[in-house]
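Working notes, beginning with the structure itself.
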Number of protein chains: 2
Amino acid sequence: MPEASSPTRKRIVDAATKLFYAEGIGRVSVDAIAEKAGLTKRTLYYHFKSKDDLIAAYLDGRDQPNLKQMAGWFDAAEGGADRKVEAIFTNLARVARHPKWKGCGFLRTAAELASMPGHPAVMAGSRHKTNFEKWLAAELSARGVTAPHMLAREIVLLMDGAFSSMLIHHNPDYIGAAGHAAATLVRARTSGSQV
Amino acid sequence: MPEASSPTRKRIVDAATKLFYAEGIGRVSVDAIAEKAGLTKRTLYYHFKSKDDLIAAYLDGRDQPNLKQMAGWFDAAEGGADRKVEAIFTNLARVARHPKWKGCGFLRTAAELASMPGHPAVMAGSRHKTNFEKWLAAELSARGVTAPHMLAREIVLLMDGAFSSMLIHHNPDYIGAAGHAAATLVRARTSGSQV
DNA sequence: CCAAGTATACCGACTAGTGAATATACAAGC
DNA sequence: GCTTGTATATTCACTAGTCGGTATACTTGG
């Protein structure tokens with residue numbers, strides 16, 4: 001039985017992460033991942049029982065790093081909750097200009113696996129999005145915003161919309177518009193002010 | 001040279017539409033499309049020069065029907081612009097409960113082809129989303145809403161977010177939340193009222 | 001006779017996954 | 001201090017099937 005946290009396993013997940021994100025799940029072969037990781041396909045299948053398992057491991061491994069990235073942008077921004085929320089979108093628009101940016105890996109995987117609703121990778125994506133929404137609601141709540149859970153969900157919807165629009169139009173203006181709308185929604189629910 | 005609008009061509013596009021939407025681009029073989037259309041692969045390749053061309057034809061063919069669907073829901077709804085906008089989301093949440101619903105074909109295709117930014121199918125998707133945004137801005141403008149273009153874009157972002165969230169969570173509540181937020185944004189920009 | 005359209009049959013490349021053997025390391029028996 | 005046993009980890013070679021695309025030949029209507 002393979003070790004749960006072996007360095008080899010990590011090498012495989014790292015290689016899979018790069019390839020799956022860059023090319024998409026269906027366009028990456030197990031052979032290509034094995035080659036990128038510097039080992040044979042048989043070894044890969046020693047550590048993962050199927051490609052589907054590896055896809056799920058790829059997204060599970062992105063949960064915490066992605067949350068930390070968002071939280072970092074939020075914490076670093078000056079100003080109130082509205083500014084901090086908008087900062088996430090501003091940073092998103094910045095990184096989305098990079099040619100290697102290919103949208104949100106969680107959403108893209110869910111789109112590609114739409115015909116397999118119970119797929120472990122889709123569920124990993126669902127967990128990640130829920131984690132983000134909960135984190136955001138807690139941050140908003142701590143800043144005295146009214147109806148923080150509803151607001152967090154609206155911001156998540158705008159963010160996922162921004163990911164999708166950017167992917168189809170390749171125009172960062174959509175992310176800017178989403179950030180502006182999100183900041184407006186936050187201000188509308190900040191005590192002492194109204195839109 | 002094949003006829004631009006032959007019945008055979010239509011049969012191929014119809015078969016491709018059903019399969020591509022149900023399974024995703026990468027999971028459908030040209031053989032499967034030919035079989036579903038009741039002809040051989042060689043005939044398919046007489047009418048389309050490549051699979052990529054057929055993918056683009058699939059999305060081009062969905063542009064007008066999708067717009068008509070949205071416009072139909074909008075027109076049929078009673079009340080002001082806010083109600084009409086929310087009606088689109090309400091209807092979307094209803095059809096999204098059907099087991100055959102697999103999200104927005106334009107967004108899913110863009111996600112699957114993220115590594116090929118200039119792909120004709122992605123561009124067809126971009127055109128469709130732009131058409132929808134323009135139609136919505138015109139409807140909002142005709143009803144005296146202020147800043148109709150910005151508002152239309154925000155609603156489109158919420159809608160694309162709703163498509164994505166529904167696909168990853170399989171929970172129509174997200175579409176409801178998006179519809180509620182969209183209606184609120186419309187009311188905030190309707191003369192004589194404020195959020 | 002000719003051209004449009006369709007069919008059969010095939011190509012080379014690639015696909016996920018596996019069988020059987022082997023290398024490595026470490027523990028137990030003596 | 002050996003040797004034997006066992007679990008982990010890795011490799012090569014392979015299967016059975018699918019992929020997008022095509023060479024060639026046939027049919028049919030004008």
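Proteins get letters first, then strands, A, B, ... in listed order; numbering begins at 1 in each.
Look at A:His47 and you'll find a side-chain N or O under 4.0 angstrom from OP1 or OP2 of D:dT10. Phosphate contact (OP1/OP2 of D:dA9, side-chain N/O of A:Thr8, threshold under 4.0 Å): absent. The phosphate of D:dT11 has OP1 or OP2 within less than 4.0 Å of a side-chain N or O from A:Thr43.
Rounded to whole Å, the distance from CG on B:Leu39 to P on D:dC26 is 21 Å. A straight line from CZ of B:Arg9 to C1' of C:dT6 spans 17 Å, rounded to a whole angstrom. Rounded to whole Å, the distance from CD1 on B:Ile33 to P on D:dC19 is 10 Å. Rounding to whole angstrom units, CZ of residue A:Phe48 and P of D:dA9 are separated by 12 Å. For the pair A:Asp52 CG and C:dT15 C1', the computed distance is 14 Å after rounding to whole Å. Put simply, CG on A:Leu44 is 11 Å from P on D:dT11, counting in whole angstrom units. As rounded to whole Å, 11 Å separates atom P of D:dG20 from atom CD1 of B:Ile25. Between the OH atom of A:Tyr45 and the P atom of D:dA9 there is a distance of 19 Å, rounded to whole Å.
The aromatic rings of B:His169 and B:Tyr174 lie parallel to each other, their planes meeting at an angle below 30°, with 60° marking the opposite boundary.
The environment of CE in A:Met70 is crowded: more than 12 heavy-atom neighbours from other residues, nucleotides or ligands sit within 6.0 Å. Other residues, nucleotides and ligands contribute over 12 non-hydrogen atoms within 6.0 Å of the CZ atom of A:Arg11.
Closest to the B:Thr40 side chain, of the nucleotides C:dG17, C:dG19, C:dT8, is C:dT8. Residue B:Tyr46 places its side chain closer to C:dT6 than to any other of D:dT10, C:dA20, C:dT6. In the set C:dA7, C:dT18, D:dG21, the nucleotide with an atom closest to the side chain of B:Ser50 is D:dG21. Listed candidates were C:dA7, D:dT10, C:dT6. Nearest to the side chain of B:Arg42 is C:dA7. Ranking D:dG20, C:dT6, C:dA16 by closeness to the B:Lys41 side chain, first place goes to D:dG20.
For the pair B:Asp31 and A:Ser29, nearest-nucleotide mapping onto DNA chain C gives the more 5' position to B:Asp31.
A cation-pi geometry, defined here as NZ or CZ lying under 6.0 Å from the six-membered ring centre and within 45° of its normal, holds between A:Arg108 and A:Tyr21.
With hydrogens and angles disregarded, a donor-acceptor distance shorter than 3.5 Å links the side chain of B:Thr184 to the backbone of B:His180.
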